[in-house]
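One structure below.
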Number of protein chains: 4
Amino acid sequence: MRKKDLNKEECILQSSLTLITTQGLSNLSMSKIAKASHVSPATIYIYFKNKEDLINKLYLKTKEKMSESIFTTVHYQQNLKEQYRQIVTNFIHFNMENENEFLFLEQIQNSPVLDSETLKESDEMFSTLFNLYTVGKQKKILKNSDSRLLSTMTSSPTMEYVKLFHKKQVEGSPEEIKDLIIMCWDAIAKK
Amino acid sequence: MRKKDLNKEECILQSSLTLITTQGLSNLSMSKIAKASHVSPATIYIYFKNKEDLINKLYLKTKEKMSESIFTTVHYQQNLKEQYRQIVTNFIHFNMENENEFLFLEQIQNSPVLDSETLKESDEMFSTLFNLYTVGKQKKILKNSDSRLLSTMTSSPTMEYVKLFHKKQVEGSPEEIKDLIIMCWDAIAKK
Amino acid sequence: MRKKDLNKEECILQSSLTLITTQGLSNLSMSKIAKASHVSPATIYIYFKNKEDLINKLYLKTKEKMSESIFTTVHYQQNLKEQYRQIVTNFIHFNMENENEFLFLEQIQNSPVLDSETLKESDEMFSTLFNLYTVGKQKKILKNSDSRLLSTMTSSPTMEYVKLFHKKQVEGSPEEIKDLIIMCWDAIAKK
Amino acid sequence: MRKKDLNKEECILQSSLTLITTQGLSNLSMSKIAKASHVSPATIYIYFKNKEDLINKLYLKTKEKMSESIFTTVHYQQNLKEQYRQIVTNFIHFNMENENEFLFLEQIQNSPVLDSETLKESDEMFSTLFNLYTVGKQKKILKNSDSRLLSTMTSSPTMEYVKLFHKKQVEGSPEEIKDLIIMCWDAIAKK
DNA sequence: TATGAATGAGGATTCATTCAT
DNA sequence: TATGAATGAATCCTCATTCAT
C-alpha cells in the first residue's frame with residue numbers, strides 16, 4: 001500500500017490557493033480543484049475530510065508560512081520597539097512578495113468557513129506578537145488596551161497598504177513603509 | 001396595473017440581510033431569499049437584475065443607512081478633532097446597535113461581488129470623512145499619509161472593537177469607547 | 001372602450017418574426033416579444049390566445065403575404081408551363097427579397113407547433129398551385145404523381161437555392177434562376 | 001475505477017431520439033432525458049458537454065447509421081445511374097423503416113442548434129453521393145448545377161414521400177418508389 | 001384595451017460527495 | 001492510494017401565463 005503522496009496534498013492546496021485568488025472563494029468548487037490539480041475529485045477526499053476542511057487547512061498552512069517568514073529573523077534581545085519594527089516590516093514584505101497568499105488571506109479573514117479550532121491554532125502561531133503586546137503593556141510602553149485591538153491597529157493599515165501596493169497606487173518604498181510603521185507604533189504606544 | 005410594492009423590495013432586502021448574517025454570504029441562495037420573503041423566486045427578479053445586483057444594492061442601502069446615522073448629528077462648525085470624535089462615536093454606536101448590518105458589512109467588505117460602481121457610490125457617501133482627512137492634512141493636524149490609510153487606521157480597530165463587543169468580550173462603555181477613539185486619533189494625528 | 005389596436009397586433013407579429021430569425025424559434029419567449037414590441041406581456045394575450053396561437057398566426061400571415069406576392073401577377077390565360085414559370089419566379093424573388101420571412105418559414109416548416117388547422121388554411125392559400133398540378137396531370141403535361149410530391153419537387157430546390165443566395169454562395173442572376181426553374185419543370189413534366 | 005458505460009451513453013441518446021420524435025425538439029429537456037434514461041441529470045453531463053453537444057452528437061450518430069445503411073450495398077462498378085438508383089432506394093427504405101430517425105432528422109435539418117463542425121462532419125459522410133454528382137456533371141450525364149441543388153432535388157421529394165408514407169397517405173410500393181426515383185433522376189439528368 | 005406585478009413550474013447546469021474498482 | 005463514474009440536491013434564472021388595477 002502506498003503512502004499518501006505529500007506532493008499531491010501540496011499540489012491540491014496550491015491549486016486551491018490559486019483558484020481562490022483568481023476566481024474568488026465563492027466560485028471555488030471541488031471539481032475545479034480536482035481539474036487544476038490533475039487529480040480525481042475522489043482523491044481530494046483522501047487528503048481532506050471535505051471542502052471546509054481543505055479551506056481551513058489551507059488557511060493554517062498559509063498562516064504558518066507567513067508566521068515563519070515573519071518571526072524567524074527577529075532579534076529578541078533587542079528592545080521591544082525594535083522587535084515590533086522588525087516584525088511589522090517582515091509582515092509587510094511577506095504580503096508584498098506573496099500576492100496570492102495576501103489575496104487569499106484577505107478574502108478568508110472574515111469568512112464563516114473558518115472554524116474556531118482553526119482560528120485558535122492560527123492565533124497560537126502569532127502568540128509571539130501577542131506576548132510582545134502583553135509585555136509592552138506591562139512595561140507601560142504600550143497603551144493599556146485589549147491586545148486584539150492593539151493588533152488590529154497594526155495589521156489593518158498594513159494590509160490596506162499592501163492592497164494599495166498591489167493595485168500600484170502606492171510605491172512600496174522603504175521610506176513609505178517606515179512612515180507607515182511609525183504611524184502604527186504611534187497608535188499603540190503610550191504617549 | 002399594479003405598482004411595484006416597495007414593501008416587497010424592502011422585505012427581500014431585509015430577508016437577505018438576515019440570511020447573510022445568520023448563514024453566511026456563501027450560503028445565500030435566491031430560493032432561500034424567496035422562501036424567507038414569502039415570495040416566488042421569480043418575483044425577486046422583478047426588483048433585482050440578479051443575485052449580484054441584489055447584494056450590491058443591499059450593500060449600498062446598508063451603507064446609506066449607516067452614513068445617515070453617522071453624519072447627520074455632526075456639528076461642522078466645531079473643530080476638526082471634535083468633528084472626528086463625533087463621527088467615530090456615531091460609527092461605533094451604529095455598529096453596536098445594528099448587529100445585523102455590522103455583521104453583513106464585515107462579511108462583504110472584501111468580497112469580489114461588490115462591483116466598482118457600487119464601491120464608488122459607497123465611497124461618495126463617505127466623502128465627508130475623506131474631506132475631513134484632506135483638510136486635516138492641509139492644516140497640518142493630520143499625518144501626511146494616503147487618506148485611505150488614515151481611514152483604515154480608524155475603521156479597522158473600531159470594527160474590531162465592535163466585533164469584540166458583540167462577542168461580549170468588551171464592555172462597550174463610554175470610557176472604553178473614548179479611549180479607543182483617542183487611540184485612533186493618535187494614530188493619524190501629527191505629533 | 002377602445003378597439004384592439006391593429007398596429008399593436010402587427011407590431012407584435014413583426015417583432016416575433018425578427019426575434020425568430022435572429023435568435024431562433026427555440027429562444028423565442030413571450031417576454032422577449034413583449035420587450036421588443038414595447039408592450040406588456042399581458043397585452044400579447046389580448047391579441048393571441050397563447051404563444052402557440054401567436055406563432056401559428058404569424059405563420060399564416062407570412063404565408064398570406066407570400067401567396068399574394070406570388071399569385072397576383074400571374075396571367076391565367078397563358079399556358080400552364082408559362083403560369084408555372086411565373087409563379088415559381090415570383091416565389092424565388094419573394095424569398096430573395098424577404099430574407100426574414102424566408103428564414104422564418106424555413107425554421108417553422110417542419111415544426112410540430114403548427115397545428116393541423118393552420119396547415120390546412122395555409123394549403124388553401126396555395127390551392128391555385130395545386131389546381132395547376134391537377135390540371136397539368138389531367139392534360140398529361142405533368143407526371144401522374146401525388147401533387148404534394150410535385151410541389152416539393154419545386155419548392156425544395158428553390159428554397160435551397162435561395163438559402164445559398166442569402167449565404168452569398170450563389171449569384172441570383174436571372175439566368176441562374178431560369179436554369180433552376182427549367183430543372184424543376186423537367187422533374188415534374190411528362191417526358 | 002469505473003469505466004464509462006457505453007450502454008449508458010447509448011441509452012441517453014436513444015431516449016433523446018424518442019423524446020424528440022414524440023414531444024418535439026423544442027420540448028426536449030435535460031431532466032426529461034434523465035428521467036427517460038433512468039439516470040441522474042448530472043450523469044448526462046459526463047457523456048455530453050451540454051444539451052447542444054448531446055443533440056449534435058445524436059445527429060451525427062443518426063446520420064452515420066443512415067449513411068452505413070445507404071452506401072454499403074452499392075455496387076460501385078455499375079454505371080452512375082444504377083448507383084444513384086441503389087443509393088436513393090436505400091435512402092427511402094431506411095427512412096421508411098426507421099420512423100424515429102426519419103422524424104428526428106426532419107425536425108433537426110434546419111435547426112440552428114447544429115453547429116458548423118457537425119454539419120461538416122455530416123457532409124463528409126455523404127461525400128460518396130457528392131462525388132457521384134461531381135462525376136455525373138463531368139461525364140455530362142447530369143445537369144451542370146451546384147451539387148447542393150442536385151442533392152436537394154433528390155432528398156426533398158423522397159423525404160416528402162416518406163412523410164406521406166408514415167402518414168399512410170401513400171403506399172410505399174416498389175412501383176411507386178421506382179416512379180419517384182425516375183422523377184428525381186429526370187430532374188437532375190441532362191436531357 | 002392595456003399593463004406591470006406576480007408566480008409556480010421548470011429550464012440547464014454544477015455542486016459536494018460517494019461508489020465501485 | 002487512487003480514480004472516473006455516478007448522483008440527488010441544489011444552483012441561478014426564465015418561462016408562459018394570470019392577477020389586479
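This structure is a prediction, so every number in the text was calculated from the model and none was measured. Here is how names work: the chains are called A, B, and so on, in the same order as the sequence lines, proteins then strands, and each is numbered from 1.
- Salt bridge D/E10/D/K61: present, at least one basic N to carboxylate O contact under 4.0 Å.
- Atoms NZ (A/K51) and P (E/dT17) sit 8 Å apart, rounded to a whole Å.
- Of all nucleotides listed (F/dG4, F/dT17, E/dA2), E/dA2 comes nearest to the side chain of C/K8.
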| task | Apply the test side-chain contact (heavy atoms from CB on, under 4.5 Å) to residues B/L58 and B/F104: give CA-CA distance (whole Å), side-chain angles for both, the deciding distance (0.1 Å), then the verdict. | result | CA-CA 10 Å; B/L58 178 56; B/F104 165 66; 3.7 Å; yes

| message | Does C/C11 form a side-chain contact (heavy atoms from CB on, under 4.5 Å) with C/V39? I'd like the steps, not just the answer. | response | CA-CA 9 Å; C/C11 173; C/V39 140; 5.9 Å; no

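- The nearest heavy atom of DNA chain F to B/E52 and to C/A42 marks one nucleotide each, and the one closer to the 5' end goes with B/E52.
- Here E/dT18 presents its P atom at 16 Å from CD1 of D/I46, a figure rounded to the nearest Å.
- Projected onto DNA chain E by closest heavy-atom contact, A/K49 and B/V39 fall at different nucleotides, the more 5' of which corresponds to B/V39.
- With axes fitted over five pairs at each extremity, the angle between the ends of the helix from E/dA2-F/dT21 to E/dT21-F/dA2 is 20° (10° resolution).
- Between the CD atom of C/E9 and the P atom of E/dA2 there is a distance of 11 Å, rounded to whole Å.
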| task | Apply side-chain contact (heavy atoms from CB on, under 4.5 Å) to the pair B/M125 and B/L60, showing each step before the final yes or no. | result | CA-CA 9 Å; B/M125 289 178 198; B/L60 280 180; 3.9 Å; yes

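- Side-chain proximity of C/S40 to F/dT17, E/dT17, E/dT3: nearest is E/dT3.
- Rounded to an integer number of Å, the gap from OH of B/Y47 to P of E/dA5 is 7 Å.
- Heavy-atom minimum distance, C/S16 versus C/L28: O-CD1, 4.2 Å.
- Between B/S31 and the phosphate of F/dT11, there is a side-chain N or O to OP1/OP2 separation shorter than 4.0 Å.
- Rounded to a whole Å, the NE2 atom of D/H38 is 13 Å from the P atom of F/dG8.
- Defined by atom type and a distance below 3.5 Å, a donor-acceptor pair is present between the side-chain atoms of D/E106 and C/N110.
- Atoms NZ and CG, from D/K49 and D/N56 in turn, are 9.5 Å apart once rounded to the nearest 0.5 Å.
- You'll find that the side chain of C/S29 is closest to F/dA16, out of E/dT13, F/dA16, E/dT3.
- When each of E/dT17, F/dT18, F/dT11 is scored by its nearest atom to the side-chain atoms of B/K32, the top-ranked nucleotide is F/dT11.
- A straight line from CG of B/N27 to P of E/dA16 spans 12 Å, rounded to a whole angstrom.
- Distance from the side chain of C/M30 is smallest for F/dT17 among the nucleotides E/dG4, F/dC13, F/dT17.
- The CG atom of D/N7 sits 15 Å away from the P atom of F/dA5 (whole-angstrom rounding).
- Where B/T43 and D/L28 each meet DNA chain E at their nearest nucleotide, the meeting point lying more 5' is that of B/T43.
- Residue B/F48 contributes atom CZ, which lies 14 Å from atom C1' of E/dA5 at whole-angstrom precision.
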